[in-house]
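Order of appearance sets the numbers: ligands from 1, and atoms from 1 within every ligand.
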Amino acid sequence: MLWPALTIVACAAALALHFWWRAKLRRERESWLAGRAREENREQTAAAEVRAQQAALFDSMIEGVLVLDDAGCVQFANRAFAQMFTTTGGLRGRVLLEAVRLNEIVEIVQRAGQEGRVIDHELRLPGEPECWLQINAAALTSVDRRRLGTILVFHNLTRIKKLERTRQEFVANVSHELRTPLSLIKGYAETLLAGAKDNPEVAERFLRVIERNAQRLDLLIQDLLTISALESGRVQLDLQPVSLPPVAEEVLASFKERATARGVKLVNTLPDLTANADAGRVQQVLANLVDNAVKYGRDGGTVSIGGRAAENGLIEVFVQDDGPGIPAEALERVFERFYRVDKARSREQGGTGLGLAIVKHIVQSHGGAVWVTNEPGKGATFFFTLPGAQ
Ligand code: ADP
């Protein structure tokens, strides 16, 4: 009786052990599967984060970046690229020519494929506004030298191109401005040496021309040095509270003789205003503006300096004449270096073409603005602002 009972108990125990063991295995398997799923999930999230970081990094670049696969289809394009080529919608998967519509870029990609890389290729995009790009391209290859595609980096060169052009124009203008008085000095000196010196009357006249042109060269060089110092940022402004009426009075006094010779009346209506400015530079601004007003104003006319306390703690000063004024299309341009409405008249008056460019620089370096208004036939009024003293 005992044995059958023991056998039943042993069988029951074996069965219990078997089910317990299966349940344990299942639990372990489930927990292992859940761990793996979590691990995969973590890896996917990490990869997505890296991709998002890379995209954010590329999108924050000012250079355009374009990655193509081996078949020449877009794999990646950053935001700067989309802006440069004004593309809309997703570019991924699109053929290069369809994305950029420029054969020259397709050729760069082909050259990068053949030569490994293309460096500093310059290209002007068709249409307006003017846009210049510098392109660097490199073929992408795997470790086993399999061709994977091409990466292109586009750098916007427009500002540099414009600066380069401005510099070239400036050098050409300066050379031209220097050449005219120099060739006059040379010509008159040669004529004197060839015999004119023996006629005192002629000699005196020629020497006066030489003197006048030497003075013109001197003025031009002084103005060029001022412009170059202002542009290089070497000029340190000595900012102090400056009472403006006495400064204006001093400037007008220095023009008194020239104004009287033309019957021009000089008037100072500036109220008691104090600017936070460099007194010497403010004097230079007023002197250039009064000089122009006397030069280009009307014989027998009036030149006045006035002003007011304007908004935001600024002081607004004006210099007004009652001459012929400035044609509407030239109002913006008169502040450009060497721009003159009437070249012959400016030269005849001893102008260098740099006076207003200097005015603009000085005013802007004080944080102010300068502009001119015009009533046709009623003269020009130049305004500028300066920070007021607290
Ligand atoms: P410039 O040495 O020729 O006077 P500026 O830079 O001082 O050079 O002035 C540029 C041009 O602006 C002048 O050549 C002139 O044509 C014009 N201009 C300046 N001020 C006046 C004014 N008050 N009335 C008329 N034209 C003016």
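- Close contacts of ligand 1 with Thr352, meaning ligand atoms under 4.0 Å from a residue heavy atom, involve 2 (O).
- Val319 and Phe335 fall within the same hydrophobic cluster, where Ile, Leu, Val, Met, Phe, Trp and Tyr residues are linked whenever their side-chain heavy atoms come under 4.5 Å apart, directly or through other members.
- Counting protein heavy atoms only, atom 13 (C) of ligand 1 is closest to Tyr296 OH, 3.6 Å.
- Under the 30°/60° scheme for interplanar angles, the aromatic rings of Phe338 and Phe170 are found to be tilted.
- Within the listing of ligand 1, atoms 10 (C), 11 (C) sit less than 4.0 angstrom from a heavy atom of Tyr339.
- Looking at Asp321 against ligand 1, only its side chain comes within 4.0 Å, counting heavy atoms.
- For atom 3 (O) of ligand 1, the nearest non-hydrogen atom of the protein is Ser346 OG, 2.6 Å.
- If you check the side chains of Gln240 and Asp238, you find a donor sitting under 3.5 Å from an acceptor.
- Leu356 is listed as a side-chain neighbour of Leu289, based on a closest heavy-atom distance under 4.5 Å.
- Within the 4.0 Å heavy-atom criterion, the part of Lys295 lying near ligand 1 is the side chain and not the backbone.
- A donor-acceptor pair shorter than 3.5 Å cannot be found between the side chains of His121 and Gln134.
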Practice problem: Take Trp132 and Glu130 through the side-chain hydrogen bond (donor to acceptor under 3.5 Å, both in side chains) test and state the conclusion after the steps. | Solution: CA-CA 7 Å; Trp132 282 89; Glu130 174 183 354; 2.9 Å; yes
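- For Gly325, the heavy-atom gap to ligand 1 drops under 4.0 angstrom.
- Against a heavy-atom cut-off of under 4.0 Å, Gly353 is close to the following atoms of ligand 1: 1 (P), 2 (O), 3 (O), 6 (O), 8 (O).
- At the top of the distance list for atom 12 (O) of ligand 1, counting protein heavy atoms only, stands Val334 CG1, 3.3 Å.
- No option in Glu40, Glu39, Gln44 other than Glu39 meets the side-chain hydrogen bond (donor to acceptor under 3.5 Å, both in side chains) test with Arg42.
- Considering backbone and side-chain atoms alike, Ala357 places every N or O at 3.5 Å or more from each N or O of ligand 1.
- Residue contacts with ligand 1 include Phe382, since one or more of its heavy atoms lies under 4.0 Å from the ligand.
- With distances taken over non-hydrogen atoms, the option nearest atom 19 (C) of ligand 1 out of Asp322, Asp223, Asn292, Val290 is Asn292.
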Exercise. Could you walk me through whether Leu157 and Leu133 pass the side chain to side chain contact (heavy atoms under 4.5 Å, CB included) test, one step at a time?
Key: CA-CA 5 Å; Leu157 273 193; Leu133 298 177; over 6 Å; no
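- No path of Ile, Leu, Val, Met, Phe, Trp and Tyr side chains, each step under 4.5 Å between heavy atoms, connects Val264 with Tyr296, placing them in separate hydrophobic clusters.
- If you check which protein heavy atom lies closest to atom 16 (O) of ligand 1, you get Val341 N, 2.9 Å.
- Heavy-atom proximity to Gly355, at under 4.0 Å, picks out these atoms of ligand 1: 5 (P), 6 (O), 7 (O).
- Judged by distance alone, the side chains of Arg165 and Gln168 never bring a donor and an acceptor atom under 3.5 Å apart.
- Remark: ligand 1 atoms within the under-4.0 Å shell around heavy atoms of Leu356 are 5 (P), 6 (O), 7 (O), 9 (O), 10 (C), 12 (O), 19 (C).
- What sits closest to atom 14 (O) of ligand 1 on the protein, heavy atoms only, is Arg340 CG, 3.2 Å.
- Residues Leu286 and Leu230 share a single hydrophobic cluster, defined by chaining ILVMFWY side chains whose heavy atoms lie under 4.5 Å apart.
- Scanning the protein for heavy atoms near atom 26 (N) of ligand 1, the closest one is Ile326 CG1, 3.4 Å.
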